[in-house]
K.L.:
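Structure incoming, see below.
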Amino acid sequence: MEDEKKLVKASFKERWEALKLAVSWTYKSSKFLTFIIFFTAIVGGLLVIVEPYVFKLIIDSITKSSELNLASKFGLGIVGILIVYGIARVLKGLLWDIQTTIKKIHTQRLDRYATQEMMSKISSLDVVYFEDPEYYNTLTKANTNLWRVNEFLWECTFLLTQLISLLVIVGALLSFDWRIVVLILVGAIPGIILSMKSARITWGIFDSASPISRQAYYYKSLMTDSPQAVKEIKLFGLQSHFLKRFDYLIEKYMKKQEKSALLESLFMIGIGFIEAFLSIIATWFVVKGYLDGRIGIGDVAFFWALLFQFADHARWVVRLIGSMNISATFVTYLLRILNFKPQIVEIKNPKIFPNKLEKGIEFRNVSFKYPKAKNWSLRNVNFFIKPGESVALVGENGSGKTTLIKLLCRLYDVSEGEILIDGININEYSLDELYENLGVIFQDFMRYEALVGENIGFGRVNVKEKEKIHRASVKAEAWDFIKDLEDKYKTQLGKTLKEKGVELSVGQWQKIALGRAFFRDAQILILDEPTAAVDAKAEYRLFQKFKHLTKKKTTFLISHRFSTVRMANKIIVMDAAKVVEIGTHAELLQRDGYYAKLYRMQFRDIPSYETA
């Protein structure tokens with residue numbers, strides 16, 4: 001029970017923080033427009049009493065066959081009253097038009113600001129946030145609900161208008177009978193309670209149904225947004241299978257939503273009866289005041305109109321509180337993202353990365369375990385690489401090769417031991433300088449929907465030299481197909497952004513990615529399966545040029561293809577998270593150990609490779 005109370009308190013605290021976040025982002029996105037938004041909201045709330053009071057003056061004027069003292073005092077008369085009424089109506093309409101126009105303009109500015117803030121924050125997070133399902137689930141929910149910041153703002157301003165209107169009406173009703181105010185306030189309490197409860201129910205449904213929805217729309221994306229999946233779906237006859245899965249998951253999601261809506265409707269019906277009963281009593285007080293001679297017929301019309309208005313405004317307040325409560329609850333996902341802290345941190349006064357490696361790279365007793373994982377991904381890894389040396393990492397899937405590279409790139413920090421570059425722990429270097437000296441192509445390389453030249457140039461965005469981009473494409477064997485493209489380096493790749501974009505084969509994309517790594521021109525070159533998708537002819541040419549391409553660079557090469565592995569002058573063999581062998585290709589074959597076993601398994605049907 002105590003834990004539940006703590007959770008409720010934390011939830012309210014988060015919602016308050018969500019309100020502050022929405023107002024802060026609104027103000028920062030446009031200070032002037034924010035002022036206008038809240039100014040028009042306040043004035044709009046104050047104008048609520050004008051219309052009922054004008055009707056009171058007119059009725060009193062007609063029933064008494066004379067002008068009211070108040071009207072006479074200001075020299076108004078019925079014509080004057082109608083003019084004031086017309087001005088009030090025009091002003092009210094003008095305020096609404098101003099708010100509508102500002103909303104359109106400010107919505108775009110707030111959307112841009114909020115999106116930029118989230119893009120900046122999310123892009124600064126470590127890889128662990130994207131590879132851990134729990135963290136990634138929160139990231140997905142935050143992106144899904146980014147629009148609620150804007151929604152929350154307008155709910156807030158509309159609520160402000162309604163609250164000011166209620167205060168004006170309450171003030172007028174208090175001048176007549178305080179019991180009416182008590183009655184209508186009591187009638188609003190059940191609605192407020194329902195709004196809070198409804199927010200919890202909606203939050204709970206969204207939180208529990210989010211994985212279901214994500215699964216459903218994964219199948220939708222496979223069938224509607226994934227050109228890569230179309231071929232297999234057609235050939236394997238998966239259309240009906242995926243449709244059934246989508247339908248089952250969506251049905252499950254909808255049932256949760258329908259249950260919530262039905263429950264809320266039942267509550268609203270009950271609250272409607274309570275409000276109606278209390279409104280009848282309040283109306284009786286007004287009628288009785290007239291029968292007792294305390295107020296005139298104009299006052300009856302005035303207070304009666306205020307009672308109707310109060311009911312409408314109170315209903316809106318209840319709905320808005322509920323809606324804001326829901327929006328604020330969902331905005332808490334954004335707060336959680338903004339509160340995520342980088343785990344890969346830079347020390348104060350970091351050391352300068354060497355312009356040229358002198359001692360080399362050393363893994364010293366390195367062990368690593370992924371967050372929440374039970375098993376070690378690397379265990380007691382030790383090796384030393386000289387500057388300018390090329391090293392191949394060999395092993396079966398899951399042996400720890402890519403994990404080792406992630407640690408060298410400091411996408412994760414080691415759990416035990418240390419990684420040294422020129423005798424200094426990589427944690428002591430500036431992150432920017434470390435990344436500046438790494439040229440990487442991962443197995444799951446990016447296919448940027450951009451120009452060919454930009455795709456290669458992303459390797460070092462601050463360098464715009466076309467000749468260097470061309471040299472990098474030649475090194476990667478990419479020029480062989482780029483020269484046949486109509487616009488060469490200015491050709492748009494991919495059709496998502498532009499219909500006239502060109503689709504490349506997987507092998508061509510890999511050459512573009514390889515060109516990007518070469519264009520980086522970093523001291524340390526990391527190639528994860530660099531020739532996995534290229535044809536045999538291109539692989540052979542790369543093999544012939546490998547020493548030239550990696551000259552003066554310390555190179556790490558990951559590959560399952562031994563024809564590629566043999567490019568390196570040192571091979572590190574990994575198995576079950578450990579380094580089991582180190583040596584050259586010839587040395588490892590001569591030892592007849594684990595490497596020789598893997599080699600023979602790959603080339604057992606091609607005897608000529610054994611003697612190569």
Side-chain angles (χ1 to χ4, degrees), residues 6-42 99 102-126 129-130 132 134-164 192 195-207 210 316-343:
K6 288 180 181 178
L7 285 171
V8 171
K9 288 180 181 178
S11 177
F12 274 109
K13 182 181 178 182
E14 280 190 325
R15 290 169 193 174
W16 173 246
E17 292 298 322
L19 172 60
K20 292 199 294 185
L21 174 71
V23 174
S24 171
W25 280 5
T26 298
Y27 182 71
K28 290 176 181 176
S29 64
S30 178
K31 296 176 183 178
F32 176 72
L33 289 181
T34 301
F35 170 77
I36 297 298
I37 288 167
F38 282 97
F39 175 76
T40 54
I42 292 168
Q99 277 190 319
I102 289 176
K103 183 176 181 179
K104 292 177 181 177
I105 299 171
H106 191 260
T107 293
Q108 294 177 350
R109 295 192 182 186
L110 180 56
D111 283 343
R112 182 183 68 179
Y113 184 85
T115 302
Q116 287 176 336
E117 285 291 300
M118 290 304 294
M119 287 173 66
S120 176
K121 179 63 182 181
I122 291 173
S123 64
S124 72
L125 296 177
D126 303 321
Y129 289 103
F130 298 89
D132 184 288
E134 185 178 335
Y135 286 132
Y136 189 70
N137 193 34
T138 305
L139 288 173
T140 303
K141 290 176 181 176
N143 279 323
T144 303
N145 290 284
L146 188 59
W147 63 274
R148 289 186 184 271
V149 176
N150 199 9
E151 189 76 10
F152 192 71
L153 163 71
W154 291 100
E155 288 170 347
C156 182
T157 56
F158 196 25
L159 177 64
L160 178 62
T161 300
Q162 301 304 315
L163 286 174
I164 291 173
I192 295 173
S195 298
M196 304 301 287
K197 187 175 181 63
S198 175
R200 290 187 187 180
I201 293 171
T202 306
W203 164 275
I205 288 173
F206 176 81
D207 201 41
S210 184
W316 269 113
V317 166
V318 169
R319 288 175 183 172
L320 287 167
I321 289 174
S323 183
M324 286 180 64
N325 191 32
I326 292 170
S327 295
T329 304
F330 284 112
V331 171
T332 56
Y333 283 119
L334 305 183
L335 283 170
R336 291 175 190 178
I337 296 297
L338 294 172
N339 289 328
F340 282 169
K341 303 296 182 186
Q343 297 182 12

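Please read all numbers here as calculations on a predicted model, not as lab measurements. Heavy atoms only: backbone and side chains are in, while hydrogens, waters and symmetry mates are out.
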K.L.:
What are the two closest non-hydrogen atoms of Phe38 and Leu160, and how far apart are they?
P.N.:
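For Phe38 versus Leu160, the nearest heavy atoms are CD2-CD2, 3.7 Å.
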K.L.:
Provide the closest heavy-atom pair for Pro342 versus Ser124 in the form atom of the first, atom of the second, distance.
P.N.:
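Scanning both residues, the minimum pair turns out to be CG-O, 4.5 Å.
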K.L.:
If you look only at distance, which donor and acceptor atoms sit under 3.5 Å apart when one is on a side chain in residues 18-26 and the other is two or more places apart or in another chain?
P.N.:
from  : atom 1 : to    : atom 2 : distance (Å)
Lys20 : NZ     : Glu17 : OE2    : 3.2
Thr26 : OG1    : Ala22 : O      : 2.7

K.L.:
Considering residues at least two apart in sequence or located in another chain, which fulfil the ring-ring contact (aromatic ring centres under 6.0 Å, His included) criterion with Phe158?
P.N.:
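So Phe158 forms a ring-ring contact (aromatic ring centres under 6.0 Å, His included) with Trp316.
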K.L.:
Do the side chains of Asp126 and Phe340 get nearer than 4.5 Å, heavy atoms only?
P.N.:
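Contact flag for Phe340/Asp126 side chains = no.
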K.L.:
Show me the donor-acceptor pairs within less than 3.5 Å that the side chains of residues 109-117 make with the rest of the protein, sequence neighbours left out.
P.N.:
from   : atom 1 : to     : atom 2 : distance (Å)
Arg109 : NH1    : Ser30  : OG     : 3.4
Thr115 : OG1    : Asp111 : O      : 2.7

K.L.:
On a heavy-atom basis, which atom in Ile37 and which in Thr40 lie closest, and how many Å separate them?
P.N.:
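Ile37 and Thr40 have their closest heavy atoms at O-OG1, 2.9 Å.
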K.L.:
For the pair Thr161 (side chain) and Ala41 (backbone), establish whether a donor and an acceptor sit closer than 3.5 Å, ignoring hydrogens and angles.
P.N.:
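Indeed, once roles are kept as given, a pair shorter than 3.5 Å links the two residues.
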K.L.:
Quick one: closest heavy-atom pair of Ile337 and Met118, and the distance?
P.N.:
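That would be CG2-CE, 3.7 Å.
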